[in-house]
Amino acid sequence: MRKKTLLLLVLCSYYMASMAQQPPLSRCNANNINATIIGDGSCYAKLALINPDNCPTWEVPAGSGKETVFQHALWFGGLDADDNLHLSAFRYGQVGQDYWSGPLTTTDATIDMMTLMKYYHVWNLTREEINFFIVHHGEAGYEIPDDILTWPAHGEGDYAANLAPFVDVDGDGHYNPEAGDYPDIKGDQCLYFIFNDSYRDHTESGGSKIGLEVHAMVYAYSDPKDEALHNTVFFNYQFFNRSADDYHDVYLGLWSDFDIGYGWDDYIGCDVQRSSYFGYNGTPIDGSGEPEAYGDNPPVQVLTILAGPYMEADGRDNPEFNGDCDALFNETYPADKYAYNGFNFGNGIVDDERLGMTGFMYHNNVVGTNGDPSEPEDYYNYLRGNWKNGNHMKYGGNGFEGQNVVGPECNFMFPGDSDPCNFGTSGIAPNEDYNTGDKFWTEVECQNAPNDRRGLGMVGPFNFNAGSTQVVDYALTTVWKNDDHSAMERMDAIIDHIKDTFKNGFSK
C-alpha cells in the first residue's frame, strides 16, 4: 500500500512538473487563421515555456509567419453580499496563474489534483470526423478517435453530472459513443475545454476566488467563398457559479494585446453599435521590413461581442432599437437602452435579452495610473471603465489626463462615429463639438503616437448568483483590403456579416 501511495505521489509530482512546462493546448486551424488555444483560460500566448521557437500564436494568413494577436484572455470580477471583491484575470502568466483545468464540485467549489489531471486537455474535433463516426461507428476495423471516446460529457461524484454537450442517440441520458452518441460541436472544427478559478489562490491578479467553472468551445468554419467567415474564430464560454455566494456588480472583460504584425506602431478603437473593438496600424506601412511585419496594407483585427450575459428578468420582451435616439434612455424601462448593441431584443421572447459590449478602454504598456494592472482593484477598476486611481475615463484625448480630455465621463474610448446617440455618455453630447460634423474621437484625431496597445471590452454589470449560469459569445475576425477599399473601410460590412451569420445560426 505504501509503495502504491509513493508511486502515485511520484507520478503526480512528475505530471505537475510537466504541467508547469507545457499547458494543455491545441490548434484551431480550419480556415485562414492558425491559432494556438490554451485550455486553462489563457487562450493563446507567446511565452518562452509554451512557445520556445517564438512561432506566431494567432497566425494570419495561416503559414505566413505573421500574427495580429499577441495575447488574449478572460477577466471576471464582482462583489459578494458583503461587498468583498472576487476576481479572476489573466494577462501573460508572468507573475502567476488564476485559472486551472477542470470542473469544480457542486458542493464546495473545489477540485482535486486527480480530477485536474483528467481534464488537463483540449478536445479537438472536426465536423468531418464527427460525420465519419456517425456513418462508420460499430463497423469492424473502425477505431473511435480518442477525443470522441473521451469526450468529457459527465462529471463523477460531487462534480456536475452533465458537462460537455453531446447528441444522445439512444436517449438514455448517458454518453456512450459505442452506442452511437457523439459530441455536439459547433463549426467545421471545434476545440473544447473546461477550466476553473478555484484550484489554488490567484497569483496572477491577486483576487479572491469566485468559484467559477467555465466550459469553453472555440470553433471555426472553413469557407473560402465567405471571406468574413473564413477569417474568423468564434468563442462560446459558459460560466457556472459553483460557490455558495451571490455576486452583484459583476463584469466580464475580454482583454487583448493586439500586435498587427510589428507590434509597436498600432492604434486601437471601438465600434459602439456593432459591439466591437479593433486594432489597426497607426502608420500606412506596418513595421520596417521585419519578418513579422505586414508592410503595405496591413489587416485590421476585430473582436466582436456577439451576445453577452443575460440581463435581469423584467417580464418583458424588451424592444429592438429602432434608431430613435430620443427614446433610447427610457426612464420607465432603463434596461431598454441595452438594445443599442445587445442581442435578442424585440424577438417576441420574454426575458432572453443579452447584453452587448457596455464599455471599452485601453491601457498602455507602462507602469502608472493608466498602465498595466497589478492589484485586484486595478483589474476591477478597468472592468468598470475606471483608471487605476478610481477615476472614470473621460471623453477625448487619452481619456485620462491632458488638455485634449474634454469630458464628460464616458464608457467607450475612441468610438469614432459609431455612437450617434451618445450611448457611451448616457445621452450627454461630448464637449468641444466632438461627435458632430467631422470631429470624432479616434487615435488619428488625437494625433497619438502609435505604440503597443492593450484593449479591454467590458460587459456588465450583471448578477451571478450561487448555482446560476451565464454565457458569452464573441468572435475574432481579421479584415483585409480588397482592390477597391482598405481594411478599415471594409470593416463595418465584415462585422455586420459575422453578426448576421451568428444570428441566423450559421446557415451556409
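Because the structure is predicted, anything quoted here is derived from the model rather than measured.
Other residues, nucleotides and ligands contribute more than 12 heavy atoms inside 6.0 Å of the NZ atom of Lys499. The environment of CG in Asp324 is crowded: more than 12 heavy-atom neighbours from other residues, nucleotides or ligands sit within 6.0 Å. Within 6.0 Å of CD on Glu489 lie more than 12 heavy atoms contributed by other residues, nucleotides or ligands. Under a cut-off of 6.0 angstrom, the local environment of CD in Glu139 is crowded, with over 12 non-hydrogen atoms contributed by other residues, nucleotides or ligands. Lys503 NZ: 12 or fewer foreign heavy atoms inside a 6.0 Å radius.
Between the side chains of Ser26 and Asn124, at least one donor-acceptor pair of N or O atoms lies under 3.5 Å. In the model, Asp147 has a side-chain atom that pairs as donor or acceptor with a side-chain atom of His121 under 3.5 Å. Looking only at atom types and distance, the side chain of Asn347 has a donor-acceptor partner in the side chain of Asp352 under 3.5 Å away. A donor and an acceptor atom, one from each side chain of Thr36 and Arg27, are located under 3.5 Å apart. No side-chain N or O of Asn231 forms a donor-acceptor pair with one of Thr477 less than 3.5 Å apart. Looking only at atom types and distance, the side chain of Asn451 has no donor-acceptor partner in the side chain of Trp264 under 3.5 Å away. Judged by distance alone, the side chains of Gln273 and Asp419 never bring a donor and an acceptor atom under 3.5 Å apart. A donor and an acceptor atom, one from each side chain of His230 and Glu227, are nowhere located under 3.5 Å apart. Side-chain contact, Tyr379 with Arg91: a donor N or O sits under 3.5 Å from an acceptor N or O. Under the 3.5 Å distance criterion, with hydrogens and angles disregarded, a donor-acceptor pair is assigned to the side chains of Glu213 and His215.
Proximity of Glu445 to Lys439: side-chain heavy atoms (C-beta onward) are separated by under 4.5 Å at one or more points. Taking the side chain as every heavy atom from C-beta outward, Cys28 and Gln189 approach each other to under 4.5 Å. Annotation: side chain of Tyr219 is not in contact with side chain of Leu191 (no heavy-atom distance under 4.5 Å). Two residues are said to be in side-chain contact when any heavy atoms from C-beta on lie closer than 4.5 Å; Asp496 and Arg274 meet this criterion. Counting heavy atoms from C-beta outward, Pro24 and Ser101 have side chains that approach closer than 4.5 Å. Using a 4.5 Å heavy-atom threshold, the side chains of Phe423 and Tyr338 count as touching. Side-chain contact check for Phe462 versus Leu252: some heavy-atom pair is nearer than 4.5 Å. No side-chain heavy atom of Asn34 sits less than 4.5 Å from a side-chain heavy atom of Val60.
A cation-pi arrangement is absent between Lys337 and Phe329 under the rule of less than 6.0 angstrom and at most 45 degrees off the ring axis.
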Please assess Arg454 against Asp452 for the test salt bridge (charged side-chain N to carboxylate O under 4.0 Å, His left out), listing each intermediate value before the final yes or no. CA-CA 7 Å; Arg454 289 96 186 267; Asp452 183 22; 3.6 Å; yes
Trp100 and Phe195: side-chain contact (heavy atoms from CB on, under 4.5 Å), yes or no, with the steps? CA-CA 5 Å; Trp100 296 267; Phe195 61 98; over 6 Å; no
Before you tell me yes or no, could you show the steps for Phe321 and Phe345 under side-chain contact (heavy atoms from CB on, under 4.5 Å), namely the whole-Å CA-CA distance, both residues' side-chain angles and the distance that decides it to 0.1 Å? CA-CA 8 Å; Phe321 175 61; Phe345 287 79; over 6 Å; no
Could you walk me through whether Asn448 and Phe414 pass the side-chain contact (heavy atoms from CB on, under 4.5 Å) check? CA-CA 11 Å; Asn448 287 347; Phe414 308 128; 3.7 Å; yes
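In this structure, Tyr221 has its ring center under 6.0 Å from that of Phe506.
Across Ile494 and Ala228, no two heavy atoms sit closer than the pair CG2-CB, 3.9 Å. Of all the heavy atoms in Ile305 and Val472, the pair that sits closest is CG2-CG2, 4.4 Å. Residue Gly460 comes nearest to Tyr251 through the heavy atom pair C-CE2, 3.5 Å, listed as atom of the first residue, atom of the second, then distance. For the residue pair Ala339 and Pro319, the shortest heavy atom distance occurs at CB-O, 3.4 Å. Smallest separation of non-hydrogen atoms from Gly102 and Tyr119: CA-CB, 3.5 Å. The two residues Val471 and Asn236 make their nearest non-hydrogen contact at CG2-ND2, 3.6 Å.
Tested against Phe90, the residues Tyr99, Trp255, Trp75, Phe76 include a single side chain to side chain contact (heavy atoms under 4.5 Å, CB included) partner, Tyr99. In summary, of the residues considered (Asn281, Val300, Val444, Val479), a side chain to side chain contact (heavy atoms under 4.5 Å, CB included) with Met488 occurs for Val300 alone. With Gln301 as the partner, the side chain to side chain contact (heavy atoms under 4.5 Å, CB included) test is satisfied by one option alone out of Tyr277, Trp58, Phe278, Tyr280: Trp58. Pro415 pairs in a side chain to side chain contact (heavy atoms under 4.5 Å, CB included) with only one of the listed residues (Tyr395, Phe440, Phe360), which is Tyr395. Partner Phe502 forms a ring-ring contact (aromatic ring centres under 6.0 Å, His included) with one of Phe235, Phe343, Tyr474 and no other, that one being Phe343.
Between the CH2 atom of Trp480 and the CE atom of Met491 there is a distance of 15.0 Å, given to the nearest 0.5 Å. One distance of note links SG of Cys421 with CG of Asn435; it measures 9.5 Å at 0.5 Å rounding. For the atom pair CD1 of Ile495 and CG of Leu306, the computed distance is 10.5 Å after rounding to the nearest 0.5 Å. A distance of 8.0 Å separates CG in Asp417 from CG in Asp271, rounded to the nearest 0.5 Å. The distance from atom OG1 of Thr68 to atom CG of Leu476, rounded to the nearest 0.5 Å, is 8.0 Å. Here the straight-line distance linking atom CZ of Arg354 with atom CD of Gln470 works out to 8.5 Å at 0.5 Å rounding.
For the pair Glu129 (side chain) and Thr126 (backbone), a donor-acceptor distance under 3.5 Å is present. Checked by atom type and distance alone, the side chain of Glu432 never pairs as donor or acceptor with a backbone atom of Gly396 at under 3.5 Å. Remark: side-chain polar atoms of Ser64 are not paired, donor with acceptor, to backbone N or O of Ala62 under 3.5 angstrom. In terms of modelled atom types and a separation under 3.5 Å, the side chain of Thr358 and the main chain of Met458 share a donor-acceptor contact. Judged by distance alone, the side chain of His72 and the main-chain N or O of Leu254 form no donor-acceptor pair under 3.5 Å. Of the possible donor and acceptor atoms, one in the side chain of Glu59 sits under 3.5 Å from a partner among the backbone N and O of Gly65.
The residues Arg453 and Asp257 are annotated as not salt-bridged, no charged nitrogen and carboxylate oxygen being separated by less than 4.0 angstrom. Ion pairing between Asp492 and Arg490 fails under the 4.0 Å rule for side-chain N and carboxylate O.
Partners of Tyr142 by ring pair (Phe, Tyr, Trp, His ring centres under 6.0 Å), not counting sequence neighbours, listed by chain and number: Phe132.
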